[in-house]
Amino acid sequence: MKEITTEEVRHIAKLSKIEFSDGEAQSMREHIQKMLWVFETLDAVDVSAVPPTAHILPIVNVLRDDTVEPSFDNEALLSNAPKSELGAYIVPRVVE
């Protein structure tokens, strides 16, 4: 596996607009190296017999059927509003 260098860490930090001291850069290099080692280990696992999944549980459809049901009466709802016009609520402007 390729070793990541402190210069590469500093380059990534510069792109991210982050500054590291020498000690922090070395520590970050070690952390990144460990992550790359984990990815390499995972990459070695044979998953060819495992089907692709979007969820770990066998959930097919958790949504209810879309059925038409009676709605509230628009006039009754608007009767509670302080102001309404043309079937819509009139509210104070909050964005300038």
Side-chain angles (χ1 to χ4, degrees):
M1 171 172 67
K2 178 188 179 295
E3 291 282 324
I4 189 165
T5 65
T6 306
E7 289 76 29
E8 289 171 317
V9 171
R10 290 199 181 283
H11 178 69
I12 294 168
K14 182 179 178 185
L15 293 174
S16 304
K17 299 186 188 287
I18 300 173
E19 293 183 17
F20 290 130
S21 68
D22 290 340
E24 291 171 328
Q26 180 61 27
S27 176
M28 191 58 64
R29 187 197 70 74
E30 292 169 5
H31 286 295
I32 293 172
Q33 195 65 51
K34 287 177 185 176
M35 285 191 291
L36 292 175
W37 178 79
V38 170
F39 292 142
E40 186 177 271
T41 304
L42 289 173
D43 198 32
V45 176
D46 179 23
V47 293
S48 60
V50 179
T53 57
H55 200 281
I56 59 169
L57 299 176
I59 296 174
V60 178
N61 187 358
V62 296
L63 303 175
R64 64 174 171 76
D65 291 333
D66 192 13
T67 57
V68 177
E69 297 180 0
S71 183
F72 293 106
D73 178 53
N74 195 36
E75 291 299 321
L77 293 174
L78 289 173
S79 67
N80 293 319
K83 290 185 181 179
S84 64
E85 186 177 303
L86 300 172
Y89 294 100
I90 305 296
V91 295
R93 184 179 183 146
V94 294
V95 178
E96 294 185 32

Decide whether [X] and [Y] are clustered together by the hydrophobic rule: side chain heavy atoms of Ile, Leu, Val, Met, Phe, Trp, Tyr closer than 4.5 Å, transitively.
X: V9; Y: L36; answer: yes
X: V45; Y: V38; answer: no
X: F72; Y: Y89; answer: yes
X: L42; Y: V47; answer: no

Does [X] use its side chain to pair, donor to acceptor, with the backbone of [Y] at less than 3.5 Å?
X: S27; Y: G23; result: no
X: D65; Y: T67; result: no
X: Q26; Y: T6; result: no
X: S79; Y: A76; result: yes

Gap between atom [atom2] of [Y] and atom [atom1] of [X] - 0.5 Å precision:
X: R10; Y: M28; atom1: CZ; atom2: CE; answer: 11.5 Å
X: I4; Y: H11; atom1: CD1; atom2: NE2; answer: 10.5 Å
X: E24; Y: H31; atom1: CD; atom2: NE2; answer: 10.5 Å

Exercise. Of all heavy-atom pairs between F20 and A25, which one has the smallest distance, and what is that distance?
Worked result: CB-N, 3.8 Å
How about [atom1] on [X], more than 12 heavy atoms from neighbouring residues, nucleotides or ligands closer than 6.0 Å, or not?
X: L57; atom1: CG; result: yes
X: F39; atom1: CZ; result: no
X: K83; atom1: NZ; result: no

Problem set entry | Salt bridge present between E8 and R29 (N-O < 4.0 angstrom) |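 Result for this pair is no, no salt bridge flagged.
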For this session: Please assess E85 against L78 for the test side-chain contact (heavy atoms from CB on, under 4.5 Å), listing each intermediate value before the final yes or no.
Result: CA-CA 9 Å; E85 186 177 303; L78 289 173; over 6 Å; no
